[in-house]
Each structure stands twice: as structure tokens, then as C-alpha cells.
Amino acid sequence: MFEKSAIRILAIDDDPFMLKLLECMLAQQGYASVSTSDNGKAAIESFASPNQAPDLILLDLNMPEMDGIEFVRHLVERQYSGSLILISGEDERTLQSTEKLVRTYGIPALGHLSKPVNPEDLSLLLEKWTPSSLSVPQMSKTAYGAMEVHAAIANGELVNFYQPKVNIASGKVVGVESLVRWRHPRDGMVYPDQFIGIAEQYGLIDDLTRVVIHEAFAQAKAWQDSGLNLHVAINISMDNLASLEFADYIVAAAAAADIKPEGIVLEVTESLLMKNLSTPLDVLTRLRLKRFSLSIDDFGTGHSSLSQLRDLPFDELKVDRGFVHGAVEDSTLRAIYSASLSLAKQLGMKTVAEGVEDRADWDFLRSTGCDLAQGYFIAKPMPAHEIPGWIAAWEAHIENLIENVFVHSLEM
Ligand code: C2E
Ligand code: MG
Ligand code: MG
């Protein structure tokens, strides 16, 4: 633990009364190293070198000379390494988007407070403070080259993990999504964001997808033979759809594995660079005719757009996790989530919510009529052999999950 009195706090507000008030509240809560400033410009000049900067700044957004957002820009220029709490009389949405902006600049924002500031709310945010070096883990990501990714595909180092998808009303497990991992001989487990882009860029994505499909189809057949009835979803890159043969390849692969297209879901995220839509449209429409299910992934992120819904024969919409986790307490997320859901319903599509991370997310979904859920609250992606055991354990506590929610919703 760190001593509260050792945390150097700077409060900035153009209103001297507000500064006095903050100073008193901080003192009462045991924060003794507090300084104040009624002007952002003067404040920024007071810490010219990084070690003169405070550990935490309480910042008013509306100040006449330099507003809070300009102030944040100056902090970035000076490589400020402390945290920030925003304070303002502005509405909640303005505060929320400013907080997001601060985070995109890489400054840890502990949260925001509306005026008049309430001492309990202030105290809760202050408790979130940790030294920045601890709060921002420096995860170094290795950049892999095309040769390495090529070798990984050729040497069989890619392996599919599977994440369960469950029916929200019944709790039943209906399928899994295949998510590729690279078991790197030196670096351990490598996640797709570190090699899918490279595979796409260097023309390796067709080979990669074929490896993934081959393994997923064989797995689907094995589950089917053991009496497990699971849909298997596979992520397809838009680049895979640039060649007309792709549809024939999938049809042939399913036949060779002896599985039915009805049990396979193909998830597609539109890439912004896709210029020629006629080939993907041709491929996807043919796959749909052959009874494969088509799912639009990451809906709402801008990669998946409304025009895709108009042009392509999707039958499932996956609401991006950015609009699911925390939607219950954020009205903006909730609005986007509900709009996506109602759009899908009107178009007769099944809906899947991604990124269900906690009980609050789950309970919220249960009140919205979304069909399927996927996320860490249910299960993380796992190797295929763990799926049957996981399903047994999940089914043993489904009743409890659904019953509790039922009681819960009656109380509301
Ligand atoms: P996606 O298809 O949207 O997959 C969902 C991602 O969210 C997965 O990340 C999954 O592990 C993660 N996730 C699941 N539940 C939660 C949750 O509750 N909270 C949070 N924060 N995350 C959750 P992963 O496995 O790292 O995959 C990232 C993306 O890489 C996938 O996004 C997909 O677009 C792509 N990808 C994965 N496998 C393949 C593949 O075989 N082929 C292609 N082309 N792309 C793939
Ligand atoms: Mg997906
Ligand atoms: Mg997604």
C-alpha cells in the first residue's frame, strides 16, 4: 500500500470556491500533499520537467483561458505519467466522451465527477489510484514477419481454441466459435491480432483459413459422432472472399469431413479496404444457398456497416463486445446495443452478444430478448478436448443462473 499523504495531487479549477472545497474534502480523507491552481496554463508551466508533475490531477473541464481538453493535450506533450480525474458541470455524456479521449491519449483516467462534487464519489475514485507504472502493464508485443507466419502455418503450429455460445433463454450450449492460436515454439501462446493482419497482408490468409477450416470441420465431425450437437462458427477474412473458388472449397471440405453445412456458421467482418464487393457477394450468396449460416461479426464497429446488411444474405448478427459489456450502466452503449438488436430482429436475423464478461452483463441480456451470448462470464476460449467437460459443468449450474435471474427480474 502507498501512503495517501504521499500522493501528490493537483486540483485545477477556475472557481476559487471549488478549489477550497476540494482541498477540504481531500484533507478530510487523508490526502495531505495537495496543491491547487485556478488556471491550466499556469499549472502546466509549473511542472516543466516530468518529475515536478503531480501523481494525480483533478481537472475542471470548463475554464476560460485553457479548457480541460486543451490542458490534456499539453499533458501529453509533456509526457505526463500520472493519472487524471475529470470534474465538470457538463452532462454525463460529455464527461464520458472526454474520459474516453483522455484514455486514447494514454493517460489513465480514474473517472469523472459531476458538480457539485460528492465526497463519497471522490473517495471512491481516489481509491482507484495506483502508481502509473503499475497500472499500465507494458506488454511488449512481438512483431512477426511473413516468413515466420508462413512457417507456422506449414509446420502445424496453429491450433483452434473454441469458445461456447449459449442460448440466453434456456442457458443451453448451442455451439462454439473457433478462434485460432499460434503455439509459438519460443514465445508461447500468440493471439490472432498478432498474425492475422500479417497473413492478410502477405497473401497467406487463404492457407491459414484452410488449416483452420480443416481442423474445425474434423472437430465438428468428432463432436457429432460422440453425440454432442454443436454448431461450429469459423472466422473468415474478407480477403478469403476475393476468390470465387472459396465457396467450392468450403463445400468440398464439408463433404469430405462428412458434416452438414447447417451446422457451420461463417463469421465475416468487413474490411474497410474492400473495393470490389461483387466477388464476396457471389461467394457468400452461394454459400448461403448451400445452407451454411452467415454471421456478421463485430457489428457496430464501423468495419461492419449497414450496407453489408443490405447487400449480403446474413442470418446472424453479432453485436460487438464494445456495446455489450457494461451496457447496463451506460445509456449510450445501451442505445447502440438495442438499436442493433431491433435492426437484426426486423431483418429476421438471430442475434449474438459478444463480450459478456460478468453477471450484470448476463442479467441485462436476459431482459433484452437477445438470442445467444458469448463471453468470459460463460467461458474463455479453450482447447477442443475441454469442451465436453465444460458443458457438463455448465449444465449443472444453468438452473441456478436462470432461476436467480427470474427472481431478480421480478424484483425490478
Ligand atoms: P472475434 O471473431 O470477434 O472473436 C472474439 C474475440 O473476443 C476473441 O479474441 C475472444 O477470445 C475475445 N473474447 C471472447 N469473450 C470475451 C469477453 O468476454 N471479453 C473480452 N474482452 N474478449 C472476449 P481472439 O481469440 O484474440 O480473436 C480476435 C479476433 O481475431 C477475432 O475476433 C477474429 O476477428 C480474429 N480471428 C480469430 N480466429 C481467426 C481465424 O481463424 N481466422 C480469421 N480470419 N480471423 C480470426
Ligand atoms: Mg468472430
Ligand atoms: Mg467479434
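Only a predicted model underlies this, so the values are computations on that prediction, with no experimental measurement involved. Order of listing sets the numbers, starting from 1, for every ligand and every atom in it.
Not one N/O/S atom of Thr269, from backbone or side chain, sits under 2.8 Å from the Mg ion (ligand 2). Taking 2.8 Å as the threshold, Asp297 counts as a candidate ligand of the Mg ion (ligand 2), since one of its N, O or S atoms lies below it.
In terms of distance to the Mg ion (ligand 2), the nearest N, O or S atom of Glu267 is named OE1. Its N, O or S atom nearest to the Mg ion (ligand 2) is what matters here, and for Glu177 that atom is OE2.
The side chain of Arg181, and not its backbone, has at least one atom closer than 4.0 Å to an atom of ligand 1 (non-hydrogen atoms only; side chain from C-beta on). Residue contacts with ligand 1, taken as heavy atom pairs separated by less than 4.0 Å, do not involve Gln374 at all. Only backbone heavy atoms of Val356 (N, CA, C or O) come within less than 4.0 Å of ligand 1; its side chain stays farther off. For His325, no heavy-atom contact with ligand 1 is shorter than 4.0 Å.
Heavy-atom contacts of Gln163 reach the following atoms of ligand 1: 14 (C), 15 (N) (cutoff under 4.0 Å). Which parts of ligand 1 touch Asp297 is read off a 4.0 Å heavy-atom cut-off, strictly below it: atoms 1 (P), 2 (O), 3 (O).
Side chains of Asn240 and Thr209: a donor on one and an acceptor on the other come within 3.5 Å.
Ligand 1 lies less than 4.0 angstrom from a heavy atom belonging to Glu177. The closest approach between a heavy atom of Asp193 and any atom of ligand 1 is not below 4.0 Å.
Using a 4.0 Å cut-off between a side-chain N of Lys or Arg and a carboxylate O of Asp or Glu, Asp371 and Lys350 do not qualify as a salt bridge.
Taking the centre of each ring, Tyr162 and Trp390 stay at or above the 6.0 Å mark.
The closest heavy-atom contact to atom 6 (C) of ligand 1, among the options Met238, Arg321, Glu354, comes from Arg321. Which of Ile196, Asp298, Ile378, Val180 comes nearest to atom 43 (C) of ligand 1 through a heavy atom is settled by distance: it is Ile196. Remark: among candidates Asp239, Leu179, Asn240, Val268, the nearest residue to atom 31 (C) of ligand 1 is Leu179, based on non-hydrogen atoms.
Taking both residues in full, the closest heavy atoms of Arg78 and Ile44 are given as NH1-O, 3.4 Å, listed atom of the first, atom of the second, then distance.
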